[in-house]
Amino acid sequence: MSLTRVHPVDEILPLRQLFTFGLQHVLVMYAGAVAVPLILGSALGLTQAQIVTLINANLLTSGIATLIQTLGFWRFGARLPLIQGCSFIALAPMIMIGKQFGLQEVFGAVIAAGAITIAIAPVFSRMLRFFPPVVIGSLITIIGISLMPAAAIWLGGGNPGSEDFGKPANLLLGMTTVAITLVIYARFSGFIGNLSVLIGLIAGSLVAAAFGMTHFGQVGEAAWFELSPPMAFGVPQFSLTPILIMVLAMLVIMAETTGNCLAIGKLVGKPTDQRTLGNAFRADGLSTLLGGIFNSFPYNAFTQNTGLIALSNVKSRFVVAAAGAIMVLMGLFPKLGALIAAVPTPVLGGCAIVMFGMTTVAGIQELSRVRFEGTRNGIIVAVSVSVGVLPMSFPALFEHASGPLKLVLESGIFLGAITAILLNLLLNNDKSPAAKPAGQASVTE
């Protein structure tokens, strides 16, 4: 009698491991999760109390969005370890809409764009055939490289405009965190080794506290319990122009979701198919729709957690679901969120160097399976990766672009994906090994 082995993605770990590995994911993505409401609130001149409302609502709905994506129901959710957070892609459009039309129009556009995303998910999922291994490898590599500026900003202290940004103490703290993380990863195996990032974060925070580089005063000031009511900023308003702008942002987000699903699928050994991709898009749309109702914004998978999966080798989607549950609690109990927020940004930067680098390695590993000799794959990778890192390497290059064009040009992942897809279609014919759909690649590719 043979027993069917559970796929690592569907493995339910013991409760203690679910919590600790889930907490590790939350600590990695927390700074990015609260950045969108902070920046938007400041840009629109909201009060501190209103910004706090946005942050708590964001954490609550991020947790719900993560649960939808990881656990899934019916045709919603990829059922992969994808942690969800507010998308930076939609930030500039939302600021534009907020300044010209008002915050109620922002939430109306978010709700409408979420509903439209659900409707077009089946159509957009058919694009999977345009992602052969050479495109997937290029895209994952671009994702990893494009994350490095975030690691550098965290390493320097989090605010490039501050006087102490990049001071030696910040850099030393970040590199100490790198060293601790690497020692734990190299010297220990199993459960402890898989927690190398969490241990690095905790140890780095303790070092920072010992030298007065982090403070926990905000924990005492935070409320014990707070639930933001839906539509706290008024009834959402719906106008055609803001909706069209937000739908364009969602199209870019769906392109990034495609890259994230393909990357995670490769890492966990569960290649993404058209059905999975469509379910992921529907989850993005539903989460975005709910976000607009509950004072939050468009959602997509957070790329920085891809590297954590590669580093820890913990592939269970239930671990990320546990992270979603923790975020729900953080949204309901602000003191918990304030405690996690006390982790210094240089410590996050140190861990990010390791994790984001692992994402790049995952792309390189995928490209190592692509056949370059006797094909045009080399030039496809060269040009698509180069184009993909342009927005990250010199953002001022596109400063004269405006409106929808600026939205597209600022996304290196979107630019890289489009470039790789077009070059593959132009340079590789249907009989080329590189032209096979994802999941049908041979070892020699």
Side-chain angles (χ1 to χ4, degrees), residues 33-66 68-69 76 84-121 123-124 226-257 280-300 331 402-408 410-411:
V34 301
V36 170
L38 275 173
I39 296 171
L40 180 70
S42 300
L44 299 183
L46 301 184
T47 65
Q48 188 63 33
Q50 289 174 319
I51 293 176
V52 169
T53 298
L54 288 180
I55 291 174
N56 289 337
N58 172 39
L59 290 170
L60 177 65
T61 49
S62 290
I64 294 172
T66 300
I68 293 172
Q69 195 68 274
F76 291 86
Q84 301 291 104
C86 283
S87 173
F88 283 88
I89 293 169
L91 181 58
M94 288 192 298
I95 292 175
M96 183 193 317
I97 295 169
K99 288 183 175 181
Q100 294 184 17
F101 299 91
L103 191 57
Q104 289 171 287
E105 290 278 3
V106 172
F107 292 124
V110 170
I111 293 170
I116 291 172
T117 300
I118 295 173
I120 66 174
V123 177
F124 211 84
E226 185 174 323
L227 177 60
S228 302
M231 304 181 190
F233 294 86
V235 178
Q237 303 296 313
F238 301 88
S239 298
L240 182 59
T241 300
I243 291 173
L244 291 176
I245 293 173
M246 197 57 63
V247 168
L248 177 60
M250 288 304 298
L251 291 176
V252 180
I253 287 172
M254 291 168 75
E256 291 212 352
T257 295
F281 294 152
R282 289 187 189 91
D284 277 353
L286 178 59
S287 301
T288 297
L289 189 155
L290 293 174
I293 295 173
F294 288 93
N295 319 302
S296 193
F297 313 110
Y299 284 93
N300 71 340
S402 60
L405 181 61
K406 185 176 181 65
L407 176 63
V408 171
E410 285 183 340
S411 174

For residues 100-111, tabulate all N or O donor-acceptor pairs below 3.5 Å that involve a side-chain atom, not counting sequence neighbours.
unit_1: Gln104; atom_1: NE2; unit_2: Val235; atom_2: O; d: 3.0
unit_1: Glu105; atom_1: OE1; unit_2: Ser239; atom_2: N; d: 3.4
unit_1: Glu105; atom_1: OE1; unit_2: Ser239; atom_2: OG; d: 3.3
unit_1: Glu105; atom_1: OE2; unit_2: Ser239; atom_2: OG; d: 2.8

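Partners of Phe294 according to the ring-ring contact (aromatic ring centres under 6.0 Å, His included) rule, which considers only residues two or more places apart in sequence or in another chain, do not exist here. With sequence neighbours excluded, the residues satisfying side-chain contact (heavy atoms from CB on, under 4.5 Å) with Thr117 are Met250, Met254. Scanning for side-chain contact (heavy atoms from CB on, under 4.5 Å) contacts around Leu244 gives Leu240, with sequence neighbours left out. For Ser62, the side chain to side chain donor-acceptor pair (under 3.5 Å) partners are Asn58, not counting sequence neighbours. Partners of Ala280 by side-chain contact (heavy atoms from CB on, under 4.5 Å), not counting sequence neighbours, listed by chain and number: Gln69, Ala78, Thr257, Cys261.
Nearest heavy-atom pair across Ser287 and Ile68 is OG-CD1, 4.0 Å. Taking each heavy atom of Val36 and Met94 in turn, the nearest pair found is CG1-CE, 4.0 Å. Here the shortest heavy-atom pairing between Ser87 and Asn300 reads CB-OD1, 3.5 Å. Taking both residues in full, the closest heavy atoms of Gln84 and Asp284 are given as NE2-OD1, 2.9 Å, listed atom of the first, atom of the second, then distance. Taking each heavy atom of Leu54 and Pro37 in turn, the nearest pair found is CB-CB, 3.8 Å.
Atom CG of Leu40 is separated from atom CD1 of Ile55 by 11.0 Å, given to the nearest 0.5 angstrom. To the nearest 0.5 Å, atom CZ of residue Phe76 and atom CD1 of residue Ile118 are 4.5 Å apart.
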Between Thr53 and Leu46, is a side chain to side chain contact (heavy atoms under 4.5 Å, CB included) present by the stated rule, with each step listed? CA-CA 10 Å; Thr53 298; Leu46 301 184; over 6 Å; no

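Counting only residues at least two apart or on different chains, the side-chain hydrogen bond (donor to acceptor under 3.5 Å, both in side chains) pairs with a member in residues 288-297 are Thr61-Ser296, Ser296-Tyr299.
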